[in-house]
S.K.: 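Before I ask anything, let me first share the structure, which is written out below as structure tokens.
Bear in mind that the values here come from a model prediction, so they are computed numbers and not experimental data.
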Amino acid sequence: MGDSTVTTLEGREPAAASPVEEAAATGRLRRLRAPRRPRLWFEILLIAVSYATYSLVRNAVPEQRAQALRNADLIWRLEDQLGAAFEESVNHAVNSVTWLVVGMNYYYATLHFVVTLGVLVWLYRRHPGRYAATRLVLFVTTGFALVGFYLFPLAPPRLMNGQNFIDTVLVHQTWGSMASGDMKNVSNQYAAMPSMHIGWSLWCGLTLFALASVPWVRVLGLVYPVLTLVVIVATANHFWLDAVGGALCLAVGYGVARAWYGRRPSALPRHLPDDAATRRREPAAPERMPVQKRD
């Protein structure tokens, strides 16, 4: 018998993926990133679980009171160097008008949740094609806030030592902040940076401004985060620099959503076709005619 030729695989480069495989992988990624019609039961469950997780993680972060107070002094000195340490003046001015400060206490305690949920419901009903991307912005924003709570514990102005800030909830005995009164024992009082009151209100405001068709609703979208900034400062729950932190978290949220979907959430189509209409249907098999036997 002749000598057999042996071919080894050593030194041979791995075969490149075929164009068909690359196209299939690209198609799967495109389908994964494509907006989908939201399902009501899933969204309710997702929001409930996400908020419960956010609350648990936020309140599980070590309070680190000493470090939080040192960080508050640091923020206060920085604002003073910038010539913008105005929180105490606003706090005292608003506190002198009882009806105004009581209204702000209830604003702080309620609208943060009510308006955010309201915008989510509005998106679900009126802009289903943009819902998932815009919701992703909110979730990423909140996730980055949790990182901020852990890395930079911060006492709110009303808890600072050696300052004359007024805790308006305690003074006026209004139901309000989770970090005041009887609720302070179940909430981390030293998670003020970044401010999610600002992060969420900016998300609501920008969403309404970008997508609402009624002019006064768009104007209200711009006014809402501005009013929220006044409220968080006047009630001594945040420094204005906490609001900057909330805005930065929101910017990260928009960046992640744009990277994933390839466009701004507001640039996605407003409506999606029905799932049944977009599902690929296999061609029906031809009917078999009965074969007649010949005599």
S.K.: Shortest non-hydrogen contact from Ala247 to Ile198?
M.R.: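 Looking at all heavy atoms of both residues, the closest pair is N-CG2, 4.4 Å.
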
S.K.: Find out if a path of hydrophobic residues (ILVMFWY) with successive side-chain heavy-atom gaps under 4.5 Å connects Phe139 to Val115.
M.R.: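 Same hydrophobic cluster.
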
S.K.: Under the 3.5 angstrom rule, does the side chain of Asn71 hit a backbone N or O of Leu154 as a donor-acceptor pair?
M.R.: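 Checking the backbone N and O of Leu154 against the side chain of Asn71, no donor-acceptor pair under 3.5 Å is found.
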
S.K.: Show the nearest heavy-atom pair for residues Arg126 and Pro128, with the distance to one decimal.
M.R.: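 Closest approach of Arg126 to Pro128: C-CD, 3.4 Å.
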
S.K.: Could you pull out the closest heavy-atom pair between Val217 and Ala212, with the gap in Å?
M.R.: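 Here Val217 and Ala212 meet closest at CG1-CB, 3.7 Å.
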
S.K.: Please confirm whether the backbone N or O of His238 pairs with a side-chain atom of Glu87, one donor and one acceptor, at under 3.5 Å?
M.R.: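 Flag not set: sc Glu87 to bb His238 has no pair under 3.5 Å.
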
S.K.: Is atom CZ of Arg264 surrounded by more than 12 heavy atoms (other residues, nucleotides or ligands) closer than 6.0 Å?
M.R.: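 Counting neighbours around CZ of Arg264, 12 or fewer heavy atoms of other residues, nucleotides or ligands fall under 6.0 Å, so no.
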
S.K.: State which residue, out of Thr235, Asn105, Asn237, fulfils the side-chain hydrogen bond (donor to acceptor under 3.5 Å, both in side chains) condition with Thr168.
M.R.: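 Looking at Thr235, Asn105, Asn237, the match for Thr168 under the side-chain hydrogen bond (donor to acceptor under 3.5 Å, both in side chains) is Asn105.
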
S.K.: Are the side chains of Met196 and Thr141 in contact, using a 4.5 Å heavy-atom criterion?
M.R.: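 Yes, their side chains come closer than 4.5 Å.
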
S.K.: I need the Phe165 CZ to Arg158 CZ distance, nearest 0.5 Å.
M.R.: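 Going from CZ on Phe165 over to CZ on Arg158, the span is 11.5 Å.
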
S.K.: Does Asp242 reach the main-chain N or O of Pro194 with its side chain, forming a donor-acceptor pair under 3.5 Å?
M.R.: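 Flag not set: sc Asp242 to bb Pro194 has no pair under 3.5 Å.
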
S.K.: Enter the distance from Arg77:CZ to Leu82:CG here, rounded to the nearest 0.5 Å.
M.R.: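 Here the rounded value is 13.0 Å.
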
S.K.: So which heavy atom on Leu206 is nearest to which on Tyr254, and how close?
M.R.: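 Here Leu206 and Tyr254 meet closest at CB-OH, 3.7 Å.
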
S.K.: Would the distance check show the side chain of Trp203 and the main-chain N or O of Gly253 forming a donor-acceptor pair, the cut-off being under 3.5 Å?
M.R.: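 Such a contact is absent between Trp203 side chain and Gly253 backbone.
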
S.K.: State plainly whether one hydrophobic cluster holds both Val171 and Ile232, where clusters connect Ile, Leu, Val, Met, Phe, Trp and Tyr through side-chain heavy atoms under 4.5 angstrom apart.
M.R.: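 In one cluster with Val171: Ile232, no.
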
S.K.: Rounded to the nearest 0.5 Å, how far apart are CG of Asn164 and CG of Asn91?
M.R.: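 Taking CG in Asn164 and CG in Asn91, the distance rounds to 8.5 Å.
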
S.K.: Would you kindly confirm whether Phe209 and Val223 end up in one hydrophobic cluster when ILVMFWY residues are joined by side chain heavy atoms under 4.5 Å apart?
M.R.: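 Different clusters: Phe209 never reaches Val223 through Ile, Leu, Val, Met, Phe, Trp or Tyr contacts under 4.5 Å.
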
S.K.: Please report the shortest heavy-atom distance between Pro157 and Ala236, naming the atom on each side.
M.R.: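 It is CD-O, 3.4 Å.
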
S.K.: So Cys204 and His112, do their side chains get closer than 4.5 Å, heavy atoms only?
M.R.: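 Not touching, per the 4.5 Å side-chain cut-off.
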
S.K.: State, yes or no, whether a side-chain contact exists between Tyr106 and Leu111 at a heavy-atom distance under 4.5 Å.
M.R.: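 Sidechains of Leu111 and Tyr106: no contact.
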
S.K.: Can you tell me how far the CD atom of Gln64 sits from the CZ atom of Phe149, to the nearest 0.5 Å?
M.R.: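 The CD atom of Gln64 sits 13.5 Å away from the CZ atom of Phe149.
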
S.K.: With a 4.5 Å heavy-atom cut-off, do Leu208 and Tyr224 have their side chains touching?
M.R.: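 Counting from C-beta outward, Leu208 and Tyr224 never come under 4.5 Å.
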
S.K.: Thr116 side chain to Phe113 main-chain N or O, any donor-acceptor pair under 3.5 Å?
M.R.: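 No, because the side chain of Thr116 does not come within donor-acceptor range (under 3.5 Å) of the backbone of Phe113.
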
S.K.: Decide whether Met160 and Leu78 are clustered together by the hydrophobic rule: side chain heavy atoms of Ile, Leu, Val, Met, Phe, Trp, Tyr closer than 4.5 Å, transitively.
M.R.: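 Yes, one cluster joins them.
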
S.K.: Tell me the closest heavy-atom pair linking Pro265 and Ala133, and the distance in Å.
M.R.: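 Minimum heavy-atom contact is CB-CB, 3.9 Å.
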
S.K.: Set out, in order, the CA-CA distance, both residues' side-chain angles and the distance that settles side chain to side chain contact (heavy atoms under 4.5 Å, CB included) for Trp122 and His127, then state yes or no.
M.R.: CA-CA 7 Å; Trp122 175 74; His127 297 266; 3.6 Å; yes

S.K.: If two hydrophobic side chains count as joined below 4.5 Å and joins carry through other members, does Leu146 share a cluster with Met193?
M.R.: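 Linked within one cluster.
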
S.K.: Taking the side chain as every heavy atom from C-beta outward, state whether Pro156 and Phe239 have any atom pair closer than 4.5 Å.
M.R.: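 Side-chain contact under 4.5 Å: no.
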
S.K.: Verify, without hydrogens or angle tests, whether Arg130 (side chain) and Leu268 (backbone) share a donor-acceptor contact under 3.5 angstrom.
M.R.: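 Indeed, once roles are kept as given, a pair shorter than 3.5 Å links the two residues.
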
S.K.: Val119 and side-chain contact (heavy atoms from CB on, under 4.5 Å): which single residue from Val114, Thr134, Thr207, Leu138 fits?
M.R.: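 Looking at Val114, Thr134, Thr207, Leu138, the match for Val119 under the side-chain contact (heavy atoms from CB on, under 4.5 Å) is Thr207.
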
S.K.: Distance from Leu229 atom CG to Leu202 atom CG, nearest 0.5 Å?
M.R.: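 Going from the CG atom of Leu229 to the CG atom of Leu202 covers 9.0 Å.
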
S.K.: Would you say the side chains of Thr142 and Trp200 form a donor-acceptor pair under 3.5 Å?
M.R.: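 There is such a pair between these side chains.
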
S.K.: Report the C-alpha distance between Leu250 and Val137 in whole Å, list the side-chain angles of each, state the deciding distance to 0.1 Å, and finish with yes or no for side chain to side chain contact (heavy atoms under 4.5 Å, CB included).
M.R.: CA-CA 7 Å; Leu250 182 67; Val137 174; 3.8 Å; yes

S.K.: Does a side-chain heavy-atom distance below 4.5 Å link Gln189 with Arg65?
M.R.: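 No, every pair of side-chain atoms sits at 4.5 Å or beyond.
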
S.K.: Under a 3.5 Å distance rule, please check whether His197 uses its side chain to pair with a backbone N or O of Tyr108 as donor and acceptor.
M.R.: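 Looks like yes, one N/O pair under 3.5 Å.
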
S.K.: Assess whether atom CZ of Arg270 is packed by more than 12 heavy atoms of other residues, nucleotides or ligands within 6.0 Å.
M.R.: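 Atom CZ in Arg270 is packed in, count exceeds 12.
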
S.K.: With a 4.5 Å cut-off on side-chain heavy atoms, are Leu241 and Glu79 touching?
M.R.: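 Side-chain contact under 4.5 Å: yes.
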
S.K.: Determine whether His172 and Asn95 make a side-chain contact, defined as any pair of heavy atoms from C-beta on separated by less than 4.5 Å.
M.R.: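 They are in side-chain contact.
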
